[in-house]
Amino acid sequence: MFLTHLRPARPDDCRDILAVHRFAVQYTCNNYYNNTVLEAWLALLTQQGYLDAMQHKTLWVVEFKGNIQGFFQLDLDSAELDALYVHPFVHHMGLGTALLQRAERIAFDADLGFLKLYASLNSILFYEINGYEKLGSCELLLNPTVAVQGELMRKFLTAETVV
């Protein structure tokens, strides 16, 4: 049995994906964003959102020791990595890199020349280490009165840059 397994998400994974997403926002982003931002961000997360993503986007999970510990959401129509989160208890174990490499491979195989993303402040260094370039600061509205600060980033996908 493998310790780590990447696979497409299934509808019965939504509860676990939500738990990972909530823990990542609560505990990984709390040093970068205030409670107002975190609460608005968490209010947007629902199991239904992942079910909807499965219909129109690419959603994969990573299992580590038999449990879902991370996921990514990829929009091939807009060449955008919408989300990539790993449970904070298993950070620095290569799960995020494995997810990112799989997302890039899927995008490359779909003939996309680049992948863009909006990086939260806590994830900018991770994406830079993985070959993404900063394009400029950005602000994403979470609700009519709360926005999250981040960085628009991009990576060109070539046979040399995709694992």
Side-chain angles (χ1 to χ4, degrees), residues 2 4-29 33 37-91 94-120 122-123 126-127 130 132 135 138-157 161-163:
F2 295 105
T4 305
H5 176 66
L6 280 87
R7 62 170 175 78
R10 301 181 301 249
D12 61 330
D13 295 328
C14 291
R15 184 187 57 135
D16 293 330
I17 295 169
L18 176 61
V20 166
H21 204 164
R22 290 187 64 81
F23 270 100
V25 170
Q26 286 176 308
Y27 298 105
T28 307
C29 301
Y33 301 103
V37 170
L38 295 175
E39 288 171 13
W41 196 338
L42 291 169
L44 296 174
L45 307 182
T46 67
Q47 290 185 45
Q48 186 60 47
Y50 309 115
L51 285 171
D52 294 344
M54 286 181 213
Q55 300 301 313
H56 308 287
K57 300 179 182 186
T58 302
L59 185 63
W60 279 58
V61 298
V62 61
E63 293 179 346
F64 179 68
K65 295 184 178 180
N67 296 304
I68 292 174
Q69 298 292 353
F71 73 97
F72 73 78
Q73 183 174 299
L74 176 63
D75 186 337
L76 293 172
D77 291 335
S78 64
E80 183 174 336
L81 184 63
D82 290 338
L84 190 154
Y85 291 90
V86 173
H87 196 291
F89 293 168
V90 292
H91 274 191
L95 302 180
T97 300
L99 285 165
L100 183 59
Q101 289 174 348
R102 181 62 53 94
E104 290 173 356
R105 170 52 62 186
I106 291 168
F108 182 74
D109 290 347
D111 293 326
L112 296 181
F114 68 92
L115 201 53
K116 66 181 177 186
L117 56 89
Y118 296 94
S120 55
N122 55 286
S123 66
F126 168 76
Y127 290 112
N130 283 285
Y132 285 76
L135 300 177
C138 63
E139 193 174 80
L140 297 175
L141 286 176
L142 299 175
N143 65 39
T145 61
V146 179
V148 62
Q149 301 293 316
E151 186 78 30
L152 176 61
M153 303 184 81
R154 173 187 62 201
K155 180 178 181 179
F156 290 102
L157 303 176
T161 64
V162 175
V163 177

#### Entry: Validation row: L115, L74 side chains within 4.5 angstrom (heavy atoms)
yes
#### Entry: Residues in salt bridge (Lys or Arg N to Asp or Glu O under 4.0 Å) contact with E63, at least two apart in sequence or another chain
R7
### Query
Which heavy-atom pair separates L76 from A110 by the least distance, and what is that distance?
CD2-CB, 4.2 Å
#### Entry: Heavy-atom closest pair, residues T4 and V62
CG2-CG2, 3.5 Å
## Note on the structure
The reported gap from CD in E39 to CD in Q26 (rounded to nearest 0.5 angstrom) is 10.0 Å
### Separation between CG of D13 and CG of L18, rounded to the nearest 0.5 Å
12.5 Å
### Query
Looking only at heavy atoms, which two atoms of C138 and L152 are closest? And how far apart?
SG-N, 3.8 Å
### Query
Which heavy-atom pair separates I68 from V20 by the least distance, and what is that distance?
O-CG2, 3.6 Å
### Task
For S78, enumerate each residue passing the side chain to side chain donor-acceptor pair (under 3.5 Å) test, keeping only those at least two apart in sequence or located in another chain.
D75
### Query
Once you round to the nearest 0.5 Å, how far does CG of L112 lie from CD1 of I106?
11.0 Å
### Message
What's the separation between atom CZ in F72 and atom CZ in R102, rounded to the nearest 0.5 Å?
### Response
7.5 Å
### Task
For Y33, enumerate each residue passing the ring-ring contact (aromatic ring centres under 6.0 Å, His included) test, keeping only those at least two apart in sequence or located in another chain.
W41
### Task
Using the test ring-ring contact (aromatic ring centres under 6.0 Å, His included), find all partners of F23 that sit at least two apart in sequence or belong to another chain.
Y27, H87
### Query
Would you say T46's side chain and G49's backbone share a donor-acceptor pair under 3.5 angstrom?
yes
### By side chain to side chain donor-acceptor pair (under 3.5 Å) - contacts of Q47 (at least two apart)
none
Give every donor-acceptor pair under 3.5 Å between a side-chain atom in residues 52-59 and any protein atom, sequence neighbours left out.
{"from": "D52", "atom 1": "OD1", "to": "Q48", "atom 2": "NE2", "distance (Å)": "2.8"}
{"from": "K57", "atom 1": "NZ", "to": "D82", "atom 2": "OD2", "distance (Å)": "2.6"}

#### Entry: Residues which pass side chain to side chain contact (heavy atoms under 4.5 Å, CB included) with A147, listed by chain and number, not counting sequence neighbours
E139, L141
### Query
Quick one: ring-ring contact (aromatic ring centres under 6.0 Å, His included) partners of Y127, sequence neighbours excluded?
Y132
### Task
Applying salt bridge (Lys or Arg N to Asp or Glu O under 4.0 Å), name anything that partners E104, two or more places apart in sequence or on another chain.
K155
### Partners passing side chain to side chain contact (heavy atoms under 4.5 Å, CB included) against Q101 (at least two apart in sequence or in another chain)
T97, V163
### Task
Give the minimum heavy-atom separation between G70 and L99, together with the two atoms involved.
C-CD1, 3.8 Å
### Task
State, with a plain yes or no, whether a side-chain heavy atom of V25 is found less than 4.5 Å away from one of Y85.
yes
#### Entry: Those residues that, when tested against N122, pass side chain to side chain donor-acceptor pair (under 3.5 Å) (two or more places apart)
S120
### Message
Which label fits Y50 and H21: parallel for a plane angle under 30°, tilted from 30 to 60°, or perpendicular past 60°?
### Response
tilted
### Message
Is the shortest side-chain heavy-atom distance between L142 and L44 below 4.5 Å?
### Response
yes
#### Entry: Results of side chain to side chain donor-acceptor pair (under 3.5 Å) for D12 - residues two or more places apart only
R10
### Query
Can you tell me how far CG of L117 sits from CD of E80, rounded to the nearest 0.5 angstrom?
7.5 Å
### Summary
The reported gap from OG1 in T28 to CZ in F89 (rounded to nearest 0.5 angstrom) is 9.5 Å
